[in-house]
There are 2 protein chains.
Amino acid sequence: MSYTIKDVAKKANVSVATVSRILNNLPGYSEKTKEKVLRVIAEMGYQPNAIARGLINKKTKTLGVLLPAVSDTFASVVLSGIEDMAHDLDYSVMVCNTDKDGIRTMKYLQALREKQVDGIIFISEFFKDEYYNAITAMKLPIVLVSTKSPYDIPFIKVDDEKAVFDGVTYLLDRGHRSIGMIAGTKGDTIATLPRIEGYKKALKEQNIVFETKKVVYGDFGFDSGIAAAEELLEQNKDLTAIFCSSDEMAAGALSYLYRMSIRVPDEISLIGYDNTKVAEMAIPPLTTVGQPLYEMGKNSVRMLLELEEGKTESMIMPHKIAERETVKSIRK
Amino acid sequence: MSYTIKDVAKKANVSVATVSRILNNLPGYSEKTKEKVLRVIAEMGYQPNAIARGLINKKTKTLGVLLPAVSDTFASVVLSGIEDMAHDLDYSVMVCNTDKDGIRTMKYLQALREKQVDGIIFISEFFKDEYYNAITAMKLPIVLVSTKSPYDIPFIKVDDEKAVFDGVTYLLDRGHRSIGMIAGTKGDTIATLPRIEGYKKALKEQNIVFETKKVVYGDFGFDSGIAAAEELLEQNKDLTAIFCSSDEMAAGALSYLYRMSIRVPDEISLIGYDNTKVAEMAIPPLTTVGQPLYEMGKNSVRMLLELEEGKTESMIMPHKIAERETVKSIRK
DNA sequence: GTGAAAGCGCTAACAA
DNA sequence: TTGTTAGCGCTTTCAC
């Protein structure tokens with residue numbers, strides 16, 4: 001067992017109150033006692049017990065982060081932003097891998113509550129009603145990253161529709177007329193429908209008719225990108241470009257194209273979404289619509305902490321096309 | 001403020017002691033009271049406060065994980081194993097991104113201690129003396145993953161020397177005689193020196209003389225792989241294969257070779273290390289020496305928890321070559 | 001089978 | 001400037 005504040009007090013010949021004051025930088029002691037106490041603390045190697053502290057303050061200085069998978073490139077960058085900002089602000093973060101499983105998510109929500117975290121950040125998943133009910137019941141501040149909800153919960157995300165609109169327009173501006181789309185999970189109202197909407201609008205603005213067979217669904221993952229690319233190419237012989245709703249799916253498409261000996265960008269141009277490390281590492285390097293993932297993570301903790309002060313504004317983050325080597329201009 | 005055990009007790013007309021017993025499945029109450037109390041708990045939506053509990057038990061059911069970067073593919077897979085196992089065992093995990101920074105690591109160690117975590121898992125970094133001192137001072141169980149130390153601290157890792165030996169031998173067996181190596185950080189005694197040793201031994205066994213100019217250093221990251229490949233190729237015109245000490249560096253090498261229009265595996269064979277997702281997603285898919293990262297993560301928490309019972313055995317995990325498409329057999 | 005009460009390590013009145 | 005003391009929400013003797 002380690003030393004307690006009592007041990008320090010005794011050894012320094014002061015009361016625990018004084019030690020506590022010194023520890024918390026509260027007024028009420030002489031320079032002399034402060035020095036003495038600090039010396040004793042150093043000598044003993046005393047460290048305050050944050051659990052005891054938390055019991056009183058009702059503050060644990062820890063945040064809970066719920067995400068679909070820590071090993072997911074996308075989420076892990078957001079997490080890294082969260083972690084950095086939390087560290088700067090002296091908070092700790094508990095990671096909870098939901099596996100996109102509702103039961104597991106609920107279990108975590110309960111655990112986080114029991115452990116009295118000061119707030120929750122929820123990344124990139126569909127925010128179910130039951131989560132909402134649980135969270136409001138526990139009256140914890142929460143912010144959504146890269147997703148949103150019908151409730152009055154602040155979120156941070158990019159404007160998906162606009163982002164895809166810009167991406168597709170980028171292709172259009174380079175002479176592409178027959179553009180396929182590898183969309184996200186079918187029916188996903190957050191990250192799929194609005195993006196398809198953006199795709200449609202971009203086409204429409206240049207008077208190109210939308211064709212259903214040009215959009216194919218995946219699940220944001222690599223393998224689904226392979227399958228989707230195959231389907232797309234079989235259904236559309238005239239494609240000159242593909243817009244992919246995630247870098248991983250773009251990597252899958254790239255992989256499929258490579259296997260088919262279809263050269264990128266010479267025969268087919270490709271554009272991804274997210275601008276994660278996989279875009280950089282792709283061969284050839286992937287042009288992609290970038291989201292400021294790291295910044296979004298950082299902002300989410302800032303926002304979460306401000307929430308305690310009553311603010312509650314969502315944030316639309318800017319997207320930006322990262323130009324690399326998978327898009328070719330073709331003669332118009 | 002939520003309900004406390006007191007509220008439950010009052011409403012159920014029993015003492016807090018009884019409620020506590022029921023909550024903890026201790027003996028000492030009738031079926032009838034149990035039912036009543038449970039009903040009241042459900043009605044009120046009462047949840048025990050783990051902080052208060054932790055103050056008494058000196059157990060928080062939370063683990064601290066220190067890793068160089070959460071967004072690192074390698075570490076994030078280990079983390080995901082840790083997270084899964086922890087979840088199964090009803091533990092939470094706090095992630096600490098050390099950024100490979102000693103000061104930051106020490107800060108985290110202190111925070112983890114103050115927050116009374118039950119144990120620490122330290123992933124893939126060099127384990128400094130000062131960490132050791134801090135940790136032994138706080139008498140916390142700790143296990144090292146993918147690294148080791150001169151101290152009596154249990155670790156989980158693969159046999160790096162043997163793994164590289166096998167990887168290089170794999171190349172040798174396929175007729176390659178002039179094999180370059182992209183090693184890790186220069187001077188790293190854990191993940192670089194032993195691997196170079198394995199490389200040397202494999203060559204030696206087939207009577208090939210080792211040449212210094214055939215090994216080049218990186219830092220395990222993508223960019224360093226690009227630079228290393230370039231250096232290697234300039235220094236060695238006859239290379240037919242390259243062994244890379246991480247998949248990311250292999251991806252970098254792949255990228256460089258692509259830019260130089262050197263075909264893989266036709267002109268140069270490549271083999272990576274780790275078998276992370278980047279190996280699967282590479283073009284062409286990367287043959288690599290795989291480490292069971294996820295399993296290592298899982299085992300680390302099991303081991304950590306057993307440590308409390310006094311056990312202290314390290315674990316060497318099996319490696320296995322994942323054969324994909326970057327290695328070609330050449331005529332002998 | 002059940003309850004009263006002490007106390008985990010700390011903070012925050014309230015006194016002095 | 002400093003100390004005493006009452007809790008924070010819970011577990012755990014010890015009585016009954």
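Note on naming: letters A, B, ... go to the chains in the order of the sequence lines (proteins, then strands), and numbering restarts at 1 for each one.
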Closest listed nucleotide, where the reference is the side chain of B/Arg53 and the choices are C/dC10, D/dC10, D/dC8: D/dC10

Heavy-atom side-chain proximity of A/Met85 to A/Leu305 below 4.5 angstrom: no

Separation of D/dG9 P from B/Met44 CE (nearest whole Å): 13 Å

Parallel, tilted or perpendicular: rings of B/Tyr131 and B/Phe122 (30°, 60°): tilted

Between C1' of D/dG9 and NZ of A/Lys115, the distance in whole Å: 17 Å

Distance below 4.0 Å between B/Tyr46 side-chain N/O and D/dC10 OP1 or OP2: yes

Under-4.0 Å side-chain N/O to phosphate OP1/OP2 contact, B/Lys58 with D/dT11: no

Touch class at under 4.0 angstrom, heavy-atom based, for A/Asp7 against every strand present: nothing

A/Gln116 CD to D/dG9 C1', straight-line distance once rounded to whole Å: 9 Å

Any A/Thr4 side-chain nitrogen or oxygen under 4.0 Å from OP1 or OP2 of C/dG9: no

Atom NZ of B/Lys10 with >12 non-hydrogen neighbours under 6.0 angstrom: no

Distance in angstrom units between B/Gln47 CD and D/dC10 P, rounded: 11 Å

Atom pair distance, as rounded to whole Å: CD1 in B/Ile5 and P in C/dA4: 14 Å

Nearest-nucleotide 5' precedence on DNA chain C, B/Ser15 against B/Leu55: B/Ser15

Nucleic acid contacts of residues 16-34 of chain A, taken as heavy-atom distances under 4.0 Å to DNA chain C: A/Ala17, A/Ser20, A/Arg21, A/Asn24

Spacing between B/Lys59 atom NZ and D/dT11 atom P, to the nearest angstrom: 15 Å

Nucleotide D/dG9, atom P - distance to CZ of A/Arg113 in whole Å: 12 Å

Between C/dG7 (C1') and A/Ile51 (CD1): distance, integer Å: 17 Å

Among C/dG3, D/dG9, C/dG9, the nucleotide that comes nearest once only the side chain of A/Ala52 is considered: C/dG9

Flag if over 12 foreign heavy atoms under 6.0 Å of NZ, B/Lys148: no

Please tabulate, for side-chain N and O atoms in residues 35-52 of chain A, each donor-acceptor pair with protein atoms closer than 3.5 Å (sequence neighbours left out).
{"unit_1": "A/Lys36", "atom_1": "NZ", "unit_2": "A/Ala12", "atom_2": "O", "d": "3.3"}
{"unit_1": "A/Asn49", "atom_1": "OD1", "unit_2": "A/Ile51", "atom_2": "N", "d": "2.7"}
{"unit_1": "A/Asn49", "atom_1": "OD1", "unit_2": "A/Ala52", "atom_2": "N", "d": "3.1"}

Plane angle bin for B/Phe127 and B/Tyr151 - parallel if under 30°, tilted between 30 and 60°, otherwise perpendicular: perpendicular

NZ/NE/NH1/NH2 to OD/OE distance under 4.0 Å, B/Arg104 and A/Asp84: yes

